[in-house]
K.L.:
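Sharing a structure with you now.
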Number of protein chains: 2
Amino acid sequence: MYQRTHETDASAQLRLGAGNSVTGLNAHGVVVVCRAKQEIFAAGAMALYCYKVLDGGIRVLKVCRDGRRQILEFLLPGDLLAFGAGDIHATTAEAMTRTTLMRFPRRRMEAMLETDSTLGLEVRKTLSSQLLLAQCHILLLGRKSAEERVASFLLLYAERQIAAAASSDRPMLRQDIADYLGLSGETVSRVLNQMKRQGLVELPAAANIRILDRSSLETLEGDDWERPV
Amino acid sequence: MYQRTHETDASAQLRLGAGNSVTGLNAHGVVVVCRAKQEIFAAGAMALYCYKVLDGGIRVLKVCRDGRRQILEFLLPGDLLAFGAGDIHATTAEAMTRTTLMRFPRRRMEAMLETDSTLGLEVRKTLSSQLLLAQCHILLLGRKSAEERVASFLLLYAERQIAAAASSDRPMLRQDIADYLGLSGETVSRVLNQMKRQGLVELPAAANIRILDRSSLETLEGDDWERPV
DNA sequence: CGCAAGCTTGACGACTATCAACAAAAGTGG
DNA sequence: CCACTTTTGTTGATAGTCGTCAAGCTTGCG
């Protein structure tokens, strides 16, 4: 809960370019550090703060009564969290590894939106690109086979993780991938190892995936759309 | 392509309240009428316009190379379409029935956002609530059984359709429901008829569904979240 | 009246979840 | 530094859900 100048912010800026600096808000931010698996906020709680990821990784998810889990998105350094308009969080956010965040009071953010149209543009761009990602996610879950889902996932996160690799070793468990893709952990494991046998990927250490044959994966993905920013 | 004063606008206003009037933009809107099944824009096309639905209904969807279809949302009178920040449409929009739209030039809308913070708020609220809906959709597609999906769908659209019933008879084909729920048309038919045998719904005419036992459906839905606005 | 589009129903098979056992890593504490 | 425990990943056997194919049935419309 202590103020700190943001050492890690430089790498964060690097990812999404200068445009995504949450302009004037930085002055009102507080740096918060979360340990692995710590909950940042829970579904149903008052949305008092919004966040920017500086270092580490976050999963955003929904849970059913009976424990079924669906991950909605993985956030990496540079990404914004909880900039929606709702006063109550509809999702839960958890740190995947030790994670550093910049935290902003939502009331102050909304006040700034009244006058600062640049901030407004940033927020709109964030919401827009989250929506585009969600739409691709919907197509994936609704109409793709297990193999296509894994291929899509690898291609989507490959680029991002290269950029985030500096900050931490790929913090992505099989079960997290499964809960993102709407599959079981076993199925993800099977598909990945089949891809390994076909020479499409390498699995050096567990929780570490290296793409060897990107174009074959693109064929498998069976898709049509322009990948969103 | 002719200007017209919006006769149907009153019922549209009724749905989402006075807040959702796309404030100053109305002056720059043109009323457009689409016949059933007409494409409003295609994925990949330049996003020149944004729209507000005045009457009828629209489906927004994505298609794979091999023809698999996934519907992302159904839009009803009062809903806004294509207010995202991207310059290229990532989705296709089609009229489900004869549909009346108000069409706004995006460049002008974006220009107004520079100064009009009320419009900015409206756009942010629209994007936010679309994102909430998308997140529920992701949970549904990733983790729910066919029966749970249909129950969720009925509950989600029941309220909306009561409001929209005035404008047109439920324009929803089994195949559209199936493509929204990530199921086959046959499965949707089977689940609906099973629900009918259990006295949960009535199926007076094809493409017409009446809910008889809402609370049982809520149990079936197997969910936990606060339904979004 | 007859055709076309959409809906229902059944039979069958494919895909993927579940269960279970084991292997491999990663912590943990002596 | 090494047993020990816990967590995570792999692999196989089995079963269930849902997609596909096909036929027949309704409904609406020309």
Side-chain angles (χ1 to χ4, degrees), chain A residues 35-37 59 64 66-70 94 96-98 140-151 153 168-198 201-210 220 222, chain B residues 35-37 59 64 66-70 96-98 140-153 168-198 201-210 220 222:
Chain A
R35 60 182 187 285
K37 298 187 185 176
R59 53 175 172 251
C64 294
D66 60 4
R68 282 175 292 183
R69 225 172 57 131
Q70 176 64 47
E94 301 171 353
M96 294 195 289
T97 59
R98 182 181 184 80
L140 181 151
L141 294 172
R143 291 302 181 202
K144 290 192 184 175
S145 71
E147 193 178 38
E148 291 170 320
R149 293 184 198 197
V150 173
F153 173 78
S168 72
D169 257 32
R170 188 137 348 182
M172 216 151 287
L173 306 179
R174 292 286 182 274
Q175 193 55 52
D176 280 341
I177 298 177
D179 285 340
Y180 179 85
L181 296 178
L183 299 171
S184 68
E186 293 91 327
T187 297
V188 172
S189 182
R190 272 185 258 271
V191 172
L192 280 173
N193 282 289
Q194 177 197 320
M195 285 177 169
K196 173 176 151 194
R197 284 191 292 276
Q198 296 172 352
V201 301
E202 239 179 357
L203 305 174
N208 201 344
I209 307 169
R210 184 173 312 146
L220 278 185
Chain B
R35 60 184 187 285
K37 298 187 185 174
R59 54 176 172 249
C64 293
D66 60 5
R68 282 175 292 183
R69 225 172 57 130
Q70 176 64 47
M96 294 194 290
T97 59
R98 182 181 182 80
L140 181 151
L141 294 172
R143 292 302 182 201
K144 289 191 183 176
S145 71
E147 192 178 38
E148 291 171 321
R149 292 185 200 197
V150 172
S152 298
F153 173 78
S168 72
D169 256 32
R170 188 137 348 182
M172 218 152 285
L173 306 180
R174 293 285 182 275
Q175 193 54 52
D176 279 341
I177 299 177
D179 285 339
Y180 179 84
L181 296 177
L183 298 171
S184 68
E186 292 91 328
T187 297
V188 172
S189 182
R190 272 185 260 269
V191 172
L192 280 173
N193 282 289
Q194 177 197 322
M195 285 177 170
K196 173 175 150 195
R197 284 191 292 277
Q198 297 172 351
V201 301
E202 238 179 357
L203 306 173
N208 201 344
I209 307 170
R210 185 174 311 146
L220 277 185

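Because only heavy atoms are used, hydrogens play no part in the values below, and waters and symmetry mates are left out as well, while side chains stay in. Keep in mind that this is a model prediction, so the values were computed, not measured. Lettering of chains follows the sequences in order, A, B, ..., and the numbering in each one begins at 1.
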K.L.:
Nearest 0.5 Å, what's the NZ-CG distance between K144(B) and L183(B)?
P.N.:
12.0 Å
K.L.:
With sequence neighbours excluded, tell me which residues meet side chain to side chain donor-acceptor pair (under 3.5 Å) with R174(A).
P.N.:
none
K.L.:
Identify, between K37(B) and R190(B), the residue whose nearest nucleotide on DNA chain C lies closer to the 5' end.
P.N.:
K37(B)
K.L.:
Per the side-chain contact (heavy atoms from CB on, under 4.5 Å) rule, which among I209(A), V150(A), L203(A) passes with M195(A)?
P.N.:
V150(A)
K.L.:
Output the rounded distance in Å from CD (E186(B)) to C1' (dA11(C)).
P.N.:
13 Å
K.L.:
Considering only NZ, NE, NH1 and NH2 on the basic side and carboxylate oxygens on the acidic side, decide whether E147(A) and R190(A) come within less than 4.0 Å.
P.N.:
no
K.L.:
Students should find this one: the first and last nucleotides of DNA chain D, 5' to 3', lying under 4.0 Å from a heavy atom of chain A. What are they?
P.N.:
dT8(D) to dA13(D)
K.L.:
Between E148(B) and F153(B), does a side chain to side chain contact (heavy atoms under 4.5 Å, CB included) hold up when you go through it step by step?
P.N.:
CA-CA 8 Å; E148(B) 291 171 321; F153(B) 173 78; over 6 Å; no
K.L.:
Taking side chain as C-beta onward, heavy atoms only, is K196(B) less than 4.5 Å from E202(B)?
P.N.:
no
K.L.:
Could you tell me how far apart R69(A) (CZ) and dA17(C) (P) are, to the nearest whole angstrom?
P.N.:
15 Å
K.L.:
Start at the 5' end of DNA chain D and walk down; is the nucleotide closest to R143(A) or to G185(A) reached first?
P.N.:
G185(A)
K.L.:
To the nearest Å, how far apart are L192(B) CG and dT8(C) P?
P.N.:
7 Å
K.L.:
Can you see whether S189(B) engages E186(B) through a side-chain donor-acceptor pair at a distance of less than 3.5 angstrom?
P.N.:
no
K.L.:
Would you kindly give the CD-to-P distance between Q175(A) and dA25(C), to the nearest whole Å?
P.N.:
20 Å
K.L.:
For the pair made of CG in L183(B) and C1' in dT8(C), what is the distance, rounded to whole Å?
P.N.:
16 Å
K.L.:
Does the distance from a Lys or Arg side-chain N to an Asp or Glu carboxylate O, for R69(A) and D176(A), drop under 4.0 Å?
P.N.:
yes
K.L.:
Do the charged groups of R59(A) and D179(A) touch, with an N to O distance under 4.0 Å?
P.N.:
no
K.L.:
Round to a whole Å and report the spacing from CG of L173(A) to P of dA26(C).
P.N.:
12 Å
K.L.:
Determine to 10° how strongly the helix from dC1(C)-dG30(D) to dG30(C)-dC1(D) is bent, judged from the axes of its five-pair ends.
P.N.:
40°
